[in-house]
Protein chains: 4
Amino acid sequence: MIAEKRMDIEIESHVENPDRIERRREQVVSAAVKKFAVNGYHGTTIKEIAEAAGVSTGLIYSYVKDKEDVLLLVFMAIFRRYQQEIPRQLEGVTDPLQRFCTAVRAYCEAVGSNVGATVVGYQESNALSPERRDIVKKLELKTNALISAPVEECIKAGYFRSVNVELLTFRVVLLAHGWALKNWYFRDRISLNGYIEEGLSLFLHALLTPSGWQHWRALNEVAMRPPQPSKRPARRRKAG
Amino acid sequence: MIAEKRMDIEIESHVENPDRIERRREQVVSAAVKKFAVNGYHGTTIKEIAEAAGVSTGLIYSYVKDKEDVLLLVFMAIFRRYQQEIPRQLEGVTDPLQRFCTAVRAYCEAVGSNVGATVVGYQESNALSPERRDIVKKLELKTNALISAPVEECIKAGYFRSVNVELLTFRVVLLAHGWALKNWYFRDRISLNGYIEEGLSLFLHALLTPSGWQHWRALNEVAMRPPQPSKRPARRRKAG
Amino acid sequence: MIAEKRMDIEIESHVENPDRIERRREQVVSAAVKKFAVNGYHGTTIKEIAEAAGVSTGLIYSYVKDKEDVLLLVFMAIFRRYQQEIPRQLEGVTDPLQRFCTAVRAYCEAVGSNVGATVVGYQESNALSPERRDIVKKLELKTNALISAPVEECIKAGYFRSVNVELLTFRVVLLAHGWALKNWYFRDRISLNGYIEEGLSLFLHALLTPSGWQHWRALNEVAMRPPQPSKRPARRRKAG
Amino acid sequence: MIAEKRMDIEIESHVENPDRIERRREQVVSAAVKKFAVNGYHGTTIKEIAEAAGVSTGLIYSYVKDKEDVLLLVFMAIFRRYQQEIPRQLEGVTDPLQRFCTAVRAYCEAVGSNVGATVVGYQESNALSPERRDIVKKLELKTNALISAPVEECIKAGYFRSVNVELLTFRVVLLAHGWALKNWYFRDRISLNGYIEEGLSLFLHALLTPSGWQHWRALNEVAMRPPQPSKRPARRRKAG
DNA sequence: CATGAATGAGAATTCATTCAT
DNA sequence: AATGAATGAATTCTCATTCAT
């Protein structure tokens, strides 16, 4: 946790006090995300970020080397969120299938609660210098591990067919990011929850083995957190 | 068809001759795609595009109102490609299931043969003014129709479960775009073909009804282009 | 007359035929005046002039060295007008006082019938290169002679007090140009005629000697072209 | 008075401090006037103004929205000068006729001490956008009031014939501006003072009633500031 | 002679970054 | 530490001028 907390420690700052650094950077990143989400990275000036953060332009440069660093901080904040939210929701969940579903939901919800930043992540990733882009790629792969682990568990447990884990993970990631990327389209057509369950259902239909289906039914009879019934006619069919 | 071909003529130009317009714009767009793919829209100057296209900066402004128009032309070129390639490959294919598979493959291949432009499409779409963004959205929805039509045919024929067509279409789109978006990752891990078939397999497993599976097997006995065998243990399950 | 007609012969042209040169230049100047009057010299492009003249941009450069030459042609056209109009109206007028009044009226009317060009003359004169500005200055002084001659005659005849002829001439010029310069203000307040007679009246009151007044009254009894009565209370005063 | 002083504060600036704004703008306007007077508005680049003012190009845009604003500031500076100088010289002068003469002289002197700016005013007024042109027109009319008031007083006092005040005012304005407009001509022929007194004499001859003349003579016997005797032979004639 | 596409130098403007206060 | 005025390099876009057809 401390590692994550200080993940951005590598970014240079003229200021000594680490707490102050953290506080100021949060202030700036939060303002930057807002602005970037509306006008994009290139459409946002440092001055605007400073104003939105309620600080002077000069101050930003005490906590950041250049404008790109602000973007990198935004990326880091996104990934930090994933690293915090997904494990938090997985806490105490032990069943592989449940862990998979929970991870997918947690990821999608994390994206959903920060559509702006996620879109910025996609749209502006090539505004980063190669080195910084590498950092982001690493963070991305690290985040993927949060999804691929439950997938592997499900395969090992015989619930999922044996598929290419990497590709599947990536498809889950796209499911989540898709909500952000095409938010303009989905916004007034479907709820985030509906979107998630429809996606999850597609994955389960594609992956569950017969034993997996059995386990799935068993889980849903205990019914801790059933997917929305309307979205699973298949279950009833199977149940019937 | 002619309408699509001249879609970009609506963009203002000081030059009258439509052939010349088309030729010059192709020249410019082609150079722009190359440059945008490397440095992004904002990271590319008009001068660079002009140089890459082997023309003067002034010339560009004879065929385009401003830099944003160049980006719009790039988008239009992408969509034009979809509108040309997918129907071309569907020509003569009548079976719904085959049409679905062919459409998915054609879409993915179109993206694959123009990764640069597709990524630019994602990354820079918010660099467009609202009106132009609307044009792009419309083109996108129009392209989606190329996928959703076969999906609906498959459902009507009883081959696919009855799912939300819009969402499914969108998922296919993401499958295709995913190849471009994460190309940096997949490039040295999997071939485009492998990527496509893995994705297609996932969709089929998720969607095919028993009758769909039957039809699928029948099709593959004629065996024009079978999915990789290792990916279909499920069939046996259903059959059993 | 031929000299004036060919006044602009010094401007280079790639075209041989003098008649064609004249015709084309007239076409261009007339278009230029229209455009300049609305958008000024700097606000008008060669392309716009060409369009307004119904020719190609290239053609203009066959009859003119550069854009400034077009402006110079405009100036020349203005002065040609003065040189034509004022003498034409003075033709047959022999009385010095009448010649003065006629010259003033003719000058003002010439300006009035070409407000646009006159304003351009003022506003853009310093857009000319020094050499061309010198040409314009010479033309201006030459035009002034049309006014200063009658003034001198009037002084010699004892009708006018002996004043500084140069200054007075210049004041008459300003009277005429004033109509153009402040046209935005006068347009809906007074007619050109009213403006002229008021100005003329002021000059006469300032200049006429007693013998001048006497002559003036005599002239007006013959009454070829009396100033508007309402503007000459002074006469009555003297008469009384 | 304070209102006038801060008139230009209405022009947008990124800088808050009004004193700094005023100081910087003066710096820039002063440089701009110099440059404009030589090369005109269009012939002067922002870079040149910046260099002449000893600042960076960027700085100018902290105090001004665009280049046109610089021109507007130049205009405002001209009018501010009139609004300051003319009232200052009229201070303590109560006699209508003296007020008229003083106002005319003050106006001409104000113009004379800033020929460059005045010429720019004429030549470049149509370089302004309509809204800004309106501002300038209003300022011009406001300035005219400084002249028309004494004129009306003189008429009311019976010193002047009853003439069209607007037209007369305008003629006085042209007298003053004429010095600037044709400065290239007058410069080596006559002093500003000679020019003024000749002009004033013309007006007085044109306007003074018998009672006006009487008052005039009385004033000049007290002889605070007599017009150059050589320019007023008329008086003697009348007196005789 | 006439055309109009092509050129490219030049201008206004923006904005990341610095630094004196 | 914080401020925000100042800098100036970089970029988009324009338009006078040329020249192949």
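All values below come from the heavy atoms of this structure, side chains included, with hydrogens, waters and symmetry mates left out. Each chain gets a letter, A, B and so on, in the order its sequence line appears, and its residues count up from 1.
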Residues in side-chain contact (heavy atoms from CB on, under 4.5 Å) contact with A:Asp66, at least two apart in sequence or another chain: A:Glu68, A:Asp69, A:Arg132
side-chain N/O A:Ser56 vs F:dG4 OP1/OP2, d < 4.0 Å: no
Nearest to side-chain heavy atoms of D:Thr45, which nucleotide of F:dG8, F:dA16, E:dA12: E:dA12
Integer-rounded Å distance: E:dG4 P and B:Leu59 CG: 16 Å
Between C1' of F:dT3 and NE2 of A:His14, the distance in whole Å: 16 Å
Residue that, paired with B:Leu128, satisfies side-chain contact (heavy atoms from CB on, under 4.5 Å) out of B:Asp134, B:Ile135, B:Val136: B:Val136
Side-chain donor or acceptor of B:Arg25 paired with backbone N/O of B:Tyr63 under 3.5 Å: yes
Spacing between D:Glu48 atom CD and F:dG8 atom C1', to the nearest angstrom: 17 Å
Under 3.5 Å, which protein N or O atoms sit close to an N or O of nucleotides 17-19 of chain F? Give each pair with its distance.
from	atom 1	to	atom 2	distance (Å)
F:dT17	OP2	C:Tyr61	OH	2.8
F:dT17	OP2	C:Lys67	N	2.9

ring-ring contact (aromatic ring centres under 6.0 Å, His included) partners for B:Phe75, two or more places apart: none
Side-chain N,O (C:Arg20) to OP1/OP2 (E:dC1) below 4.0 Å: yes
Check: A:Ser62 main-chain N/O paired with A:Ser13 side-chain donor or acceptor under 3.5 Å: yes
Rounded distance in Å - CD1 (C:Ile49) to P (E:dG4): 17 Å
Cation-aromatic face contact B:Lys67/B:Tyr61, 6.0 Å, 45 degrees: no
Close side-chain approach of D:Ile46 to D:Lys35, heavy-atom, < 4.5 Å: no
ring-ring contact (aromatic ring centres under 6.0 Å, His included) against A:Tyr122, all qualifying residues, sequence neighbours excluded: A:His177
d(CD1, D:Ile60; C1', E:dA11) in whole Å: 13 Å
Whole-Å gap separating P (F:dT11) and CG (B:Leu71): 17 Å
C:His42 or B:His42, whichever maps to the more 5' nucleotide of DNA chain F: B:His42
Main-chain N/O of D:Glu124 paired to C:Gln123 side chain as donor or acceptor, under 3.5 Å: no
Any A:Arg24 side-chain N or O less than 4.0 Å from OP1/OP2 of F:dA2: yes
E:dC1 OP1/OP2 closer than 4.0 Å to side-chain N/O of C:Arg23: no
A:Ser56: side-chain contact (heavy atoms from CB on, under 4.5 Å) partners, not counting sequence neighbours: A:Leu59
DNA chain F: stems of at least 3 consecutive Watson-Crick or G-U pairs whose donor-acceptor distances fall under 3.5 Å: E:2-21 with F:2-21
Nearest to side-chain heavy atoms of B:Tyr63, which nucleotide of F:dA6, E:dA5, E:dA11: E:dA5
Touch class at under 4.0 angstrom, heavy-atom based, for C:Asn17 against every strand present: sugar-phosphate
Sugar-phosphate, base or nothing in reach of C:Ser13, heavy atoms under 4.0 Å: nothing
Protein-nucleotide distance (A:Gln27, atom CD; F:dA1, atom P), rounded to Å: 15 Å
Euclidean distance, atom NZ of residue A:Lys35 to atom C1' of E:dC15 [Å, nearest integer]: 16 Å
